[in-house]
Amino acid sequence: MLLEMGSILESSTIENEEIENQYLQKGVRHLCERGLTRVPSKYILPINERPNLGDTRVNAGNLNLKLPVIDFTQFQSSDRCQAIHSLEKACREFGFFQLVNHGIKDDVILRMVDVSRRFFELAFDERAKYMSKDMASPARYGTSFNQSNDKVFCWRDFLKLSCQPLEDTVPYWPSSPKDLREAVVNYSKSTNFLYLMLMEAILESLGLEETTEGAERKSRSIEEFEDGSQLIVANCYPACPEPDLTLGLPPHSDYGLLTLLLQDEVEGLQIQHEGRWVTVEPLPNSFVVNVGDHLEIFSNGRYKSVLHRVLVNSCKSRISVASLHSLPFNSMVRPSPKLIDQANPLRYKDTDFATFLRFVSSHNMNTKTFLESRKLTT
């Protein structure tokens with residue numbers, strides 16, 4: 001008869017690592033549901049990588065730092081030029097901004113958060129149907145950051161749903177909760193439209209916008225982004241008995257062009273700014289938007305992806321939903337030729353999704369390791 005899970009995980013000496021790993025691979029929710037009172041050794045970070053909550057868990061206001069706030073409605077008003085300038089400054093100086101008045105209906109957002117929470121509350125056997133190590137799977141439930149390679153696991157479970165094209169991927173998504181597919185489809189369409197509007201503004205901020213004339217003023221530059229990839233990731237960070245020993249996500253940058261992050265009311269997201277970790281205080285009815293590695297490459301380094309991480313706490317579980325956007329999976333991402341000249345030489349190699357998959361299958365994805373591998377020596 002197997003030892004009880006608590007004895008296995010909390011013992012100072014583990015006689016059977018294979019049994020322990022079987023429990024750990026099932027995710028943090030499963031551990032917590034079994035009455036975990038200590039953080040297993042697999043989740044304990046080296047001392048120099050742990051969050052020093054006593055010193056660094058302060059919000060942006062305490063550091064006299066606030067993320068730029070962009071009002072989406074200004075892009076469709078006489079203030080568009082000022083809004084473009086604010087967007088350029090945010091992408092260049094912070095790599096992050098908060099987007100308000102975005103136009104997505106409250107019901108769409110509330111249902112997305114609610115259905116995500118209810119998915120993670122399902123019985124483990126139901127969640128486990130979608131466990132897979134195949135990163136190309138249209139629906140994948142898992143834990144940590146990259147559980148196949150992580151030497152230390154992070155305190156996070158996730159559900160990743162591929163959204164392009166919806167008609168091909170939706171049938172593979174979880175059928176429970178019964179309203180999950182409908183809620184995610186509505187959210188996917190809304191966030192994808194918002195992403196395209198933001199990309200059009202970003203192209204203008206980079207001086208790359210081209211438009212046709214006439215009654216139907218249309219951007220030609222945005223066309224290559226219209227059928228791009230979209231991945232929605234619902235994250236669950238359960239309350240942790242020893243939050244100072246672990247992280248919900250380690251320091252990393254995002255793969256893709258833009259990420260639109262929806263947070264609940266629980267703090268956790270931190271960005272690295274001027275060498276310090278700063279907590280992003282949730283702003284009601286907003287998205288946290290950040291520059292991804294692909295936008296750094298496309299802009300030839302003018303806009304930088306920024307390291308960020310996630311703290312956990314001992315009192316409340318936290319839910320977030322990230323919508324990650326980029327070019328189609330089979331497209332090549334490269335610096336825009338219009339942003340390369342004698343003063344700004346080519347700084348990055350071309351890359352594609354297949355290159356990324358090969359990289360993550362054999363590397364630790366902490367920090368900006370993938371992006372560093374694409375930089376050219378100048």
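As the structure is a computational prediction, the values presented were derived from the model and not from experiment.
Ring geometry for Phe370 versus Phe356: interplanar angle over 60°, hence perpendicular rather than tilted (30 to 60°). Between Phe119 and Tyr141, the two ring planes are perpendicular [angle over 60°; tilted spans 30° to 60°].
Interatomic distance, Glu281 CD to Glu267 CD, rounded to the nearest 0.5 Å: 5.5 Å. Arg374 contributes atom CZ, which lies 12.0 Å from atom CZ of Arg334 (distance to the nearest 0.5 angstrom). To the nearest 0.5 angstrom, Leu161 atom CG is 6.5 Å from Leu180 atom CG. Within the model, atoms CD of Gln74 and OG of Ser86 stand 7.0 Å from one another, a figure rounded to the nearest 0.5 Å. Expressed to the nearest 0.5 Å, how far CG of Leu36 lies from CD of Glu242 amounts to 8.5 Å. Considering OG of Ser229 and NE2 of His325, their distance stands at 9.0 Å, rounded to 0.5 Å.
Side chain of Asn186 to backbone of Val108: no donor-acceptor contact under 3.5 angstrom is found. Side-chain atoms of Ser314 never come within 3.5 Å of backbone atoms of Pro241 as a donor-acceptor pair (strictly under, hydrogens ignored). The main-chain N or O of Arg156 is found under 3.5 Å from a side-chain atom of Thr143 such that the two form a donor-acceptor pair. For the pair Asn313 (side chain) and Lys316 (backbone), a donor-acceptor distance under 3.5 Å is present.
The shortest side-chain heavy-atom distance between Pro40 and Leu31 falls under the 4.5 Å cut-off. Side-chain atoms of Val291 and Lys304, non-hydrogen and from C-beta on, never get closer than 4.5 Å to each other. Between Leu327 and Phe298 the shortest side-chain heavy-atom distance does not fall below 4.5 Å. Within the 4.5 Å cutoff, side-chain heavy atoms of Phe94 are placed close to those of Pro68. Counting heavy atoms from C-beta outward, Leu311 and Leu247 have side chains that approach closer than 4.5 Å. The shortest side-chain heavy-atom distance between Asp71 and Asp79 does not fall under the 4.5 Å cut-off. Contact annotation: the side chain of Ile222 approaches that of Met199 to within less than 4.5 Å [non-hydrogen atoms, C-beta and beyond]. The side-chain heavy atoms of Val28 and Phe153, taken from C-beta on, include no pair separated by under 4.5 Å.
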Quiz item: After noting the C-alpha distance and the side-chain angles of Met112 and Val184, does the key distance pass the side-chain contact (heavy atoms from CB on, under 4.5 Å) rule?
Solution: CA-CA 6 Å; Met112 185 67 228; Val184 179; 3.8 Å; yes
Quiz prompt | side-chain contact (heavy atoms from CB on, under 4.5 Å) between Thr355 and Lys349, worked out | solution = CA-CA 11 Å; Thr355 303; Lys349 307 172 189 175; over 6 Å; no
Exercise. Run the numbers on Met197 and Phe72 for side-chain contact (heavy atoms from CB on, under 4.5 Å), then give the verdict.
Key: CA-CA 9 Å; Met197 296 300 98; Phe72 183 71; 3.6 Å; yes
Exercise. Tell me, with the steps shown, if Ile271 and Leu67 meet side-chain contact (heavy atoms from CB on, under 4.5 Å).
Key: CA-CA 10 Å; Ile271 68 170; Leu67 283 183; 3.6 Å; yes
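Scanning both residues, Gln263 and Val288, for their nearest heavy atoms gives NE2-CG2, 3.5 Å. Across every non-hydrogen atom of Val185 and Val170, the tightest pair is CG2-CG2, 3.7 Å. The two atoms that bring Leu159 and Phe120 nearest to each other are N-CZ, 3.9 Å, heavy atoms only. Taking both residues in full, the closest heavy atoms of Ile297 and Thr351 are given as CD1-CG2, 3.9 Å, listed atom of the first, atom of the second, then distance. Nearest heavy-atom pair, Lys160 versus Phe158, reported as atom, atom and distance to 0.1 Å: CG-CD1, 3.4 Å. For Asp157 against Gly27, the heavy-atom pair with the smallest separation is OD1-CA, 3.4 Å.
Here the options are His252, Gln272, Gln270, the test is side-chain hydrogen bond (donor to acceptor under 3.5 Å, both in side chains), and the partner is His308; only His252 passes.
Residues Ile104 and Ile232 are members of one and the same hydrophobic cluster, defined by side-chain heavy-atom contacts under 4.5 angstrom among Ile, Leu, Val, Met, Phe, Trp and Tyr. Grouping the Ile, Leu, Val, Met, Phe, Trp and Tyr side chains by contacts below 4.5 angstrom, directly or via other members, places Leu283 apart from Val310. Under the 4.5 Å side-chain heavy-atom criterion for grouping Ile, Leu, Val, Met, Phe, Trp and Tyr, Ile109 is not connected to Val233 through any hydrophobic cluster. Cluster annotation: Leu324 is not connected to Tyr237 through the hydrophobic network of ILVMFWY side chains, with a link wherever side-chain heavy atoms come within less than 4.5 Å. In the hydrophobic clustering of this structure, Val100 does not group with Leu260; members are Ile, Leu, Val, Met, Phe, Trp, Tyr whose side-chain heavy atoms approach within less than 4.5 Å, directly or through other members.
A salt bridge links Glu33 to Arg127: one of the charged nitrogens lies within less than 4.0 Å of a carboxylate oxygen. Checked for salt-bridge contact, Arg92 and Glu88 meet the test: a charged N lies under 4.0 Å from a carboxylate O.
Asp134 and Ser132 share no side-chain donor-acceptor pair at under 3.5 Å. Using modelled atom types, one finds a donor on one side chain and an acceptor on the other under 3.5 Å when comparing Gln98 with Ser286. A donor and an acceptor atom, one from each side chain of Glu296 and Tyr348, are located under 3.5 Å apart. With hydrogens and angles left out, the side-chain atoms of Asn300 and Asn344 include no donor and acceptor closer than 3.5 Å. A donor-acceptor contact under 3.5 angstrom links the side chains of Gln230 and Thr191, judged on distance only.
Applying the 6.0 Å contact sphere to CG of Asp350 captures more than 12 heavy atoms from other residues, nucleotides or ligands. The local environment of NZ in Lys133 is sparse, with at most 12 non-hydrogen atoms from other residues, nucleotides or ligands closer than 6.0 Å. The number of heavy atoms from other shown groups lying within 6.0 Å of CZ (Phe193) does not exceed 12.
Counting only residues at least two apart or in different chains, side chain to side chain donor-acceptor pair (under 3.5 Å) contacts with residues 163-182 comprise Arg118-Asp179.
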